[in-house]
Amino acid sequence: MRRRYCQDDDEATIDLTPLMDIVFIMLIFFIVTTSFIKESGVDVNRPSANTAERKEHGNILIAITANDEIWMDKRPVDIRAVRANVERLKAESPEASVVIQADKDSKNGLLVQVMDQVHLAGILNISIAAVKD
């Protein structure tokens, strides 16, 4: 009888394998569903507008500084490389939209050139960032 009682104690352990499986599945779920914030990499003094609207999801951000530098993904980009970079980012997320953050002291001609390059890359949803008065 004593021998049988000792054998029951060995079988009374808790198996943690299903618990670990659930924890790993939850971890993968949260990693996949997390949205990452993308930034252009430079602060821009945006112009003000009375009709400005808040847009929550701008997947591709392009910044134009006051001294006419173009920034994408926290690095300066030449105007000739904007189209290639936008096409690369569009391949990562096909439903992407572009938000251009142009400084109020930047040249309008450069803004039009950037918009043209984005349009040539195949993205028609282009927004220009402004501060609401």
Side-chain angles (χ1 to χ4, degrees):
M1 186 76 161
R2 184 170 174 89
R3 183 177 264 170
R4 188 172 186 206
Y5 180 72
C6 291
Q7 199 173 26
D8 287 340
D9 284 342
D10 290 338
E11 293 177 7
T13 60
I14 298 173
D15 187 17
L16 295 178
T17 305
L19 178 67
M20 295 300 292
D21 289 342
I22 291 172
V23 169
F24 284 127
I25 288 171
M26 288 176 60
L27 178 67
I28 291 169
F29 173 77
F30 288 124
I31 289 173
V32 169
T33 59
T34 303
S35 63
F36 297 100
I37 299 172
K38 294 184 179 182
E39 296 181 1
S40 60
V42 66
D43 290 329
V44 175
N45 188 13
R46 295 177 290 185
S48 60
N50 291 330
T51 59
E53 296 178 6
R54 183 167 179 82
K55 184 174 183 179
E56 295 296 328
H57 301 291
N59 298 17
I60 302 171
L61 296 177
I62 302 173
I64 302 174
T65 62
N67 54 355
D68 297 327
E69 292 178 339
I70 303 168
W71 285 74
M72 291 179 69
D73 286 339
K74 299 181 183 177
R75 59 186 173 86
V77 176
D78 188 46
I79 186 67
R80 296 176 298 244
V82 170
R83 180 178 178 182
N85 283 313
V86 170
E87 287 174 346
R88 176 181 55 85
L89 293 171
K90 183 184 176 195
E92 292 175 6
S93 60
E95 297 296 322
S97 63
V98 173
V99 176
I100 301 174
Q101 301 170 332
D103 194 285
K104 65 181 179 181
D105 296 328
S106 64
K107 295 179 183 172
N108 288 337
L110 184 60
L111 174 64
V112 171
Q113 288 177 352
V114 169
M115 289 176 67
D116 189 40
Q117 292 298 314
V118 170
H119 189 63
L120 288 173
I123 295 182
L124 304 176
N125 191 1
I126 304 170
S127 302
I128 300 173
V131 177
K132 188 168 186 167
D133 282 341

Once rounded to the nearest 0.5 Å, what's the spacing between atom [atom1] of [X] and atom [atom2] of [Y]?
X      : Y     : atom1 : atom2 : result
Leu19  : Phe24 : CG    : CZ    : 10.0 Å
Asp73  : Ile62 : CG    : CD1   : 9.5 Å
Leu16  : Asp21 : CG    : CG    : 11.0 Å
Gln113 : Ile70 : CD    : CD1   : 7.5 Å
Ile123 : Leu89 : CD1   : CG    : 8.0 Å

Taking all non-hydrogen atoms of both residues, which atom of Gly122 and which atom of Lys90 are closest, and how far apart?
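Looks like O-NZ, 3.3 Å.
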
Do [X] and [Y] touch side chain to side chain, with heavy atoms closer than 4.5 Å?
X      : Y      : value
Glu95  : Asn125 : no
Val118 : Ile60  : no
Met115 : Ile100 : yes
Asp103 : Ile64  : no

Set of side chain to side chain donor-acceptor pair (under 3.5 Å) partners for Asn108, sequence neighbours left out
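With neighbours one apart ignored, the set is empty.
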
So, applying side-chain contact (heavy atoms from CB on, under 4.5 Å) with Gln117, which one of Val86, Val82, Val112, Asn85 is it?
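For Gln117, the side-chain contact (heavy atoms from CB on, under 4.5 Å) test succeeds with only one of Val86, Val82, Val112, Asn85, which is Val82.
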
Let me check something: do Leu120 and Val114 share a hydrophobic cluster, defined by ILVMFWY side-chain heavy atoms less than 4.5 Å apart, either directly or through other members?
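Per the 4.5 Å side-chain linkage, Leu120 and Val114 are not co-clustered.
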
Pairs involving residues 60-69, ordered by first then second residue, that meet salt bridge (Lys or Arg N to Asp or Glu O under 4.0 Å) (sequence neighbours left out)
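Applying salt bridge (Lys or Arg N to Asp or Glu O under 4.0 Å) to every pair that reaches into residues 60-69, excluding sequence neighbours, yields Asp68-Lys107.
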
